[in-house]
Amino acid sequence: MMTKPVMDQKPLMLRVTENKREAPDYATLFFDHSLAFRPGQFVMVWIPGLDEKPYTISHHGPHRFGITIEAKGVFSRKAIALTKGDLVGIRGPFGNGFDIQFSQRSAVVAGGCGMAPLATLVEQLPGDTTLIHGARSKDAILFPDRFALAREICTDDGSLGHKGLVTDLLERRITDGGSLDMVYACGPEIMMYKVFQLCETHGIPCQVSLERYMRCGFGVCGACVCGKQVVCKDGPVFGSEALREMKDFNKKALLKSGREVDLSLYFSWRCR
Amino acid sequence: MMTKPVMDQKPLMLRVTENKREAPDYATLFFDHSLAFRPGQFVMVWIPGLDEKPYTISHHGPHRFGITIEAKGVFSRKAIALTKGDLVGIRGPFGNGFDIQFSQRSAVVAGGCGMAPLATLVEQLPGDTTLIHGARSKDAILFPDRFALAREICTDDGSLGHKGLVTDLLERRITDGGSLDMVYACGPEIMMYKVFQLCETHGIPCQVSLERYMRCGFGVCGACVCGKQVVCKDGPVFGSEALREMKDFNKKALLKSGREVDLSLYFSWRCR
Amino acid sequence: MGIRFLHRTLKNPTVLASGILGNSKDILERVHEAGCGLVTLKSIGPEPRDGHNNPTVIDLGCGLINAVGLPSPGYLNMENEWAELEHRDFPIIASIYGGSVDEYRRVAEYVSSKKPDFIEINISCPNSEQHGMIFGINRDSSRAVVSAVKKAISVPLIVKLTPQAPDIADIARTCEDAGADAICAINTVGPGMVIDIESKRPVLAFKKGGLSGPMIKPIAVRCVFDIYKAVSIPVIGLGGITTGEDAIEMVMAGAELVGIGTAVRYRGIEVFQKIADEMEAWLSQRNLTLADIKGAAHKEGE
Amino acid sequence: MGIRFLHRTLKNPTVLASGILGNSKDILERVHEAGCGLVTLKSIGPEPRDGHNNPTVIDLGCGLINAVGLPSPGYLNMENEWAELEHRDFPIIASIYGGSVDEYRRVAEYVSSKKPDFIEINISCPNSEQHGMIFGINRDSSRAVVSAVKKAISVPLIVKLTPQAPDIADIARTCEDAGADAICAINTVGPGMVIDIESKRPVLAFKKGGLSGPMIKPIAVRCVFDIYKAVSIPVIGLGGITTGEDAIEMVMAGAELVGIGTAVRYRGIEVFQKIADEMEAWLSQRNLTLADIKGAAHKEGE
Ligand SMILES: Cc1cc2nc3c(=O)[nH]c(=O)nc-3n(C[C@H](O)[C@H](O)[C@H](O)COP(=O)(O)OP(=O)(O)OC[C@H]3O[C@@H](n4cnc5c(N)ncnc54)[C@H](O)[C@@H]3O)c2cc1C
Ligand SMILES: Cc1cc2nc3c(=O)[nH]c(=O)nc-3n(C[C@H](O)[C@H](O)[C@H](O)COP(=O)(O)OP(=O)(O)OC[C@H]3O[C@@H](n4cnc5c(N)ncnc54)[C@H](O)[C@@H]3O)c2cc1C
Ligand SMILES: Cc1cc2nc3c(=O)[nH]c(=O)nc-3n(C[C@H](O)[C@H](O)[C@H](O)COP(=O)(O)O)c2cc1C
Ligand SMILES: Cc1cc2nc3c(=O)[nH]c(=O)nc-3n(C[C@H](O)[C@H](O)[C@H](O)COP(=O)(O)O)c2cc1C
Ligand code: FES
Ligand code: FES
């Protein structure tokens with residue numbers, strides 16, 4: 001007979017220890033608290049009186065962790081305005097995290113804020129890992145000085161590095177530098193989809209981190225379902241095998257009402 | 001902050017492994033189950049469809065324990081008639097148990113079925129402990145061959161040993177054999193009271209095991225309250241210090257209704 | 001452990017509770033493949049509805065508190081889902097709710113045309129100010145909803161009840177009389193409230209929420225026990241079932257099938273097969289069948 | 001943390017819940033000495049009553065289920081207890097129950113003559129077929145009992161409510177209008193039932209029992225929250241309080257005093273001082289007083 005688990009997971013109330021402005025629209029909130037964690041996992045962040053949303057852990061130390069937020073809507077704007085001493089509720093960490101392969105020949109591909117879940121992964125990977133990072137513009141390149149390893153950069157406006165898409169750089173890397181054993185990617189879903197397609201073409205396994213509207217964070221409410229997968233629990237990181245079967249990948253998502261819509265509609269809804 | 005304890009204590013359903021007839025009105029029920037336990041502790045024994053009552057653990061091994069029952073009323077008569085394979089619910093062990101002093105000069109005084117809680121204690125005490133055991137008659141002497149140490153016996157009818165009371169033998173032991181460091185006693189409350197008085201006269205600390213009507217067994221419902229003490233939780237074993245303050249000792253007890261009555265009335269009520 | 005339930009044969013007595021994992025075919029199919037005998041869709045309402053803001057679902061250790069707030073695409077906005085579900089090879093219960101007798105009837109009629117195997121009416125949800133529970137605590141309103149829906153549909157009707165009814169057995173009897181083919185009990189308990197003492201605010205955005213999981217099992221068992229005595233239609237018993245032993249307990253109280261919701265949190269989607277296997281093992285060790293133990297707790301002195 | 005409650009000053013806001021540890025002076029005095037601000041006696045009834053056979057109280061891990069069944073010596077058979085309690089130096093609440101309005105009145109009148117500091121009427125006990133709860137789920141019967149008792153007694157009147165009332169705030173308001181000086185909420189939840197699957201029998205001899213302890217705290221907090229909004233008399237909040245933080249949560253919901261029952265199981269009789277100390281420490285670390293946080297969860301957007 002199994003015994004019933006007891007995991008009281010009411011929000012753990014923590015005070016912001018530091019708010020570090022990373023870029024005009026990006027800030028990292030730090031909390032002095034130790035959290036068991038794997039790169040790619042996320043926490044639910046509650047701002048009392050407002051809402052609760054999922055954020056990846058972008059910084060992790062023995063007694064401290066941080067989340068990096070891009071100001072987009074009501075919640076994230078409020079979040080990046082929090083200051084030292086403000087109370088926030090944390091539930092988690094949730095999700096599976098990346099399945100880390102300590103291969104010499106892997107690549108990490110980040111699009112914009114997609115760098116957040118990848119950052120702690122990059123810190124664990126060998127020094128010769130390829131790191132490709134794309135953003136709108138120079139301003140939006142997260143953590144410019146954080147990593148030991150070199151970073152290939154591209155921007156939409158050409159203000160830094162290659163003018164164009166991360167997939168251009170990834171394709172070049174594969175063609176010129178020889179095949180890869182693993183590609184980790186996070187960014188807009190269309191970008192991850194293209195990375196996945198490129199990897200499929202070249203027979204390279206990849207892992208991407210998906211994003212859906214979430215409520216419970218632990219696989220019960222169904223808000224985040226994507227095909228046969230429960231993003232908050234089975235993901236948010238999915239490997240090539242799951243992606244091949246996931247017919248909603250880059251196609252459909254559920255709105256807050258549970259209505260299934262095209263991904264574009266989902267993103268414009270999230271715009272309100 | 002303390003964390004909330006989780007102790008699921010629904011009755012543990014066990015099957016009787018053996019019913020050993022100890023004497024005409026006494027039987028021991030054995031269960032093959034390991035139980036953490038201290039001599040003097042008791043379990044609540046549920047016979048489904050009938051009732052649930054407290055019984056001392058009289059036998060204890062690594063994978064087995066036993067309770068010894070005197071047939072008195074409806075429940076105990078039914079209990080001694082249980083046979084191998086019958087289902088019984090066990091909650092516990094409850095209570096404090098004896099505070100064992102491994103002195104060379106201690107005495108154990110048992111009256112009738114009062115031997116039950118004392119038996120596992122006797123097994124732990126040194127070989128030169130005085131063991132005094134009284135009963136109605138020869139027939140009712142429990143566990144005649146169980147202990148390594150010698151036993152002084154008395155019976156009400158003189159059918160074995162001294163004809164008279166255990167307190168006669170205890171007094172003689174103190175007068176003739178020199179003072180004692182500890183006296184452990186269990187039996188009818190009047191007997192324990194007399195043992196206590198004798199010990200007080202001679203300045204000997206004693207411990208007795210009380211009996212009251214019980215419901216919860218864990219110190220909540222108040223059924224077993226005796227003075228300032230909660231018998232199921234603070235007891236059933238009480239030392240001289242507590243007994244001196246316990247004005248209801250050998251005087252009052254609560255009926256099932258919670259009514260406070262003289263001990264004699266309590267016992268005749270239990271007679272129904 | 002194949003079991004007959006109304007007009008259908010199910011592979012085992014486990015049922016996915018409504019509101020767990022939503023209503024898309026892919027995920028429901030996965031639940032079925034993971035061992036579930038009968039899956040229930042998330043309750044479908046008359047209008048599109050976002051439900052409440054987060055936090056909506058919190059784990060309290062011995063169960064959950066939730067105020068999701070009956071989010072629904074609205075019954076007219078689910079053509080994709082229905083189209084996909086048409087080609088299913090597993091049985092489903094479509095759960096519905098409304099804000100008036102007429103809304104219940106309208107939603108039920110439409111949903112019935114989509115041919116779910118069963119329709120369940122949720123007259124018992126505590127998490128919305130306008131919808132649901134009000135009907136299930138009162139005999140007259142329960143009767144009105146059940147008879148209106150019964151007339152409008154062509155599949156068997158299950159009525160899902162709330163433990164907040166002062167006399168749930170009486171409501172069940174009323175529903176049976178009004179045409180219900182089965183009873184489902186129970187919906188969440190309470191409502192309850194959890195206050196975060198640091199921010200001094202209720203944790204749920206809706207403040208109050210329904211309790212589910214292990215802590216409500218004794219209430220669910222009591223309700224099923226009472227209902228079983230009162231009606232002759234089958235009962236789906238749910239509330240806190242986490243293990244095969246819990247399921248056996250519910251069957252002994254009188255349940256025909258056992259619903260599972262919150263346990264998905266504690267044991268994953270595989271919980272259905274696990275519970276079905278645990279039930280089967282328990283029964284076969286004792287040479288018993290489900291039929292032998294159904295309602296066994298009602299028998300005295302054997 | 002001395003606190004004023006109606007006409008009395010208490011050393012702290014902790015209250016021993018009725019039915020815990022009985023009604024003899026010695027043990028109640030010990031509870032007081034162990035840090036309890038106000039002790040409640042076990043509910044006293046009109047007639048001698050044995051209560052139910054065992055099992056009557058079972059620990060389920062996240063709380064208890066009990067069907068003690070309102071045992072009582074009967075109000076006329078407690079002269080010893082009253083005589084001893086006359087010379088007490090701690091405040092008491094005498095809890096009473098009855099099977100009719102007249103019984104409530106009769107018991108209350110007699111008990112009032114014994115000069116307890118407060119009388120609490122238990123119109124909310126789920127563990128007896130004839131007594132108690134029936135009054136507390138209905139507005140009219142609640143009003144009838146409260147006004148009859150109020151007229152018959154000369155000490156302040158507390159009314160203890162059940163969460164089974166479809167609208168507990170409405171009942172509380174009715175009691176206030178009928179003369180109640182304070183509300184105590186909540187009594188046990190349910191009833192629930194636990195079936196032993198080996199013997200196939202309900203574990204409690206009475207089959208059903210009320211739930212208490214940690215698992216009911218969210219329901220208790222919600223009830224106190226609702227009642228606080230509805231009435232202006234003080235509320236004793238209880239149900240599942242086990243730690244100082246639980247007590248603070250209850251105060252934020254609106255409680256003036258905090259009752260403690262089942263926690264005695266988990267933390268011993270010392271639980272009163274422990275909780276009082278934990279509350280005090282929590283408050284002083286934040287430079288707050290009890291008055292600052294009372295009902296704080298009702299305030300929006302600060
Ligand atoms: C597992 C997981 C991890 C996440 N980690 C992070 C993180 O580390 N950092 C971070 O900033 N955000 C992260 N998010 C997203 C985050 O939860 C919020 O959705 C985001 O901050 C927007 O919230 P909002 O309420 O401010 O914006 P909204 O009001 O909801 O939306 C405003 C704007 O944001 C865009 N937008 C919102 N959501 C999405 C989306 N899902 N995909 C693309 N565009 C969107 C809209 O199109 C619009 O431009 C994560 C989400 C998930 C599911
Ligand atoms: C902590 C504790 C440990 C116990 N351990 C044992 C044990 O190891 N073995 C055992 O046989 N019993 C033990 N008992 C007593 C047991 O719980 C029952 O009370 C007893 O078996 C009688 O139950 P009954 O229903 O059969 O008798 P009842 O119907 O309750 O009573 C019938 C007869 O028993 C006598 N009797 C009942 N209770 C008492 C009493 N408390 N004191 C004196 N006489 C009494 C009555 O006077 C009457 O003669 C213990 C009790 C407690 C509180
Ligand atoms: C997150 C969540 C959402 C729910 N949504 C619904 C719903 O839409 N319709 C419904 O009838 N019941 C709903 N319920 C209630 C469950 O179906 C079930 O009755 C209840 O949770 C008790 O079962 P459990 O303890 O196994 O979870 C929901 C429960 C949870 C936890
Ligand atoms: C064993 C037991 C006996 C109880 N007896 C009574 C009683 O006689 N009168 C009463 O008003 N409440 C009684 N209650 C209810 C408690 O006073 C309290 O309202 C309830 O247990 C919730 O509080 P808790 O969770 O702190 O225990 C009893 C509770 C228990 C556990
Ligand atoms: S957020 Fe609830 S299932 Fe994923
Ligand atoms: S039996 Fe309940 S307090 Fe001792």
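Because the structure is a prediction, the values reported are computed rather than measured. Residue numbering restarts at 1 for every chain, and letters A, B, ... go by the order of the sequence lines.
For the atom pair OG (B/Ser257) and CG (D/Leu70), the distance works out to 12.5 Å, reported to the nearest 0.5 Å. If you take CG on D/Asp50 and CZ on B/Arg259, they are separated by 11.0 Å, rounding to the nearest 0.5 Å. The distance from the CZ atom of D/Arg201 to the CG atom of B/Leu87 is 11.0 Å, given to the nearest 0.5 Å. Rounding to the nearest 0.5 angstrom, the gap separating the CG atom in D/Leu60 from the CD atom in B/Gln9 is 10.5 Å. Distance CG/D/Asn77 to CG/B/Leu255: 10.0 Å, rounded to 0.5 Å.
Side-chain contact check for D/Val264 versus B/Lys233: every heavy-atom pair is 4.5 Å or farther apart.
In terms of heavy-atom pairs under 4.5 Å with chain B, the best-connected choice from D/Thr56, D/Thr262, D/Ile197 is D/Thr56. Comparing B/Gly217, B/Cys221, B/Ala223 by heavy-atom pairs within less than 4.5 Å of chain D, the highest count is held by B/Cys221. Note: D/Ser72 leads D/Gly63, D/Gly22, D/Ser72 in heavy-atom pairs under 4.5 Å with chain B. Chain D forms the most heavy-atom pairs under 4.5 Å with one residue out of B/Val225, B/Asp248, B/Val261, and that residue is B/Val225. Counting heavy-atom pairs closer than 4.5 Å to chain B, the top-ranked of the candidates D/Gly45, D/Gly213, D/Pro55, D/Ser199 is D/Pro55.
Among all heavy-atom pairs drawn from D/Ile58 and B/Pro11, the shortest one is CD1-CD, 4.0 Å. Nearest heavy-atom pair, D/Glu81 versus B/Gly258, reported as atom, atom and distance to 0.1 Å: OE2-O, 4.2 Å. Nearest heavy atom pair, residue B/Phe218 against residue D/Asp59, reads CE2-CB, 4.0 Å. Across all non-hydrogen atoms, the minimal contact from B/Met214 to D/Asn54 is O-ND2, 2.9 Å. A pairwise comparison of heavy atoms in D/Ser24 and B/Glu260 identifies OG-OE1, 4.3 Å as the closest pair. Residues D/His52 and B/Lys256 share a closest heavy-atom pair of O-CE, 3.6 Å.
Annotation: D/Glu270, atom CD; neighbour count of heavy atoms from other residues, nucleotides and ligands within 6.0 Å is above 12. The local environment of NZ in B/Lys194 is sparse, with at most 12 non-hydrogen atoms from other residues, nucleotides or ligands closer than 6.0 Å.
With a 4.5 angstrom heavy-atom cutoff, D/Ile65 does not touch chain B via any of its atoms. With a threshold of 4.5 angstrom between heavy atoms, D/Leu28 does not approach chain B through any atom at all. D/Glu84 touches chain B through its side chain: at least one heavy atom from C-beta onward sits under 4.5 Å away, while N, CA, C and O do not. For D/Val194, the part lying near chain B is the side chain, with the backbone staying farther off; criterion is any non-hydrogen pair under 4.5 Å. The part of B/Arg91 that comes within reach of chain D is its side chain, from C-beta onward, which places non-hydrogen atoms under 4.5 angstrom from that chain. Using a 4.5 Å cut-off between heavy atoms, D/Asp196 contacts chain B through its side chain alone, with no backbone atom that close.
A distance-only check finds no donor-acceptor pair linking the side chain of D/Arg265 to the backbone of B/Val220 [under 3.5 Å].
Here D/Asp26 does not pair with B/Lys252 in a salt bridge; the nearest charged N to carboxylate O distance is not below 4.0 Å.
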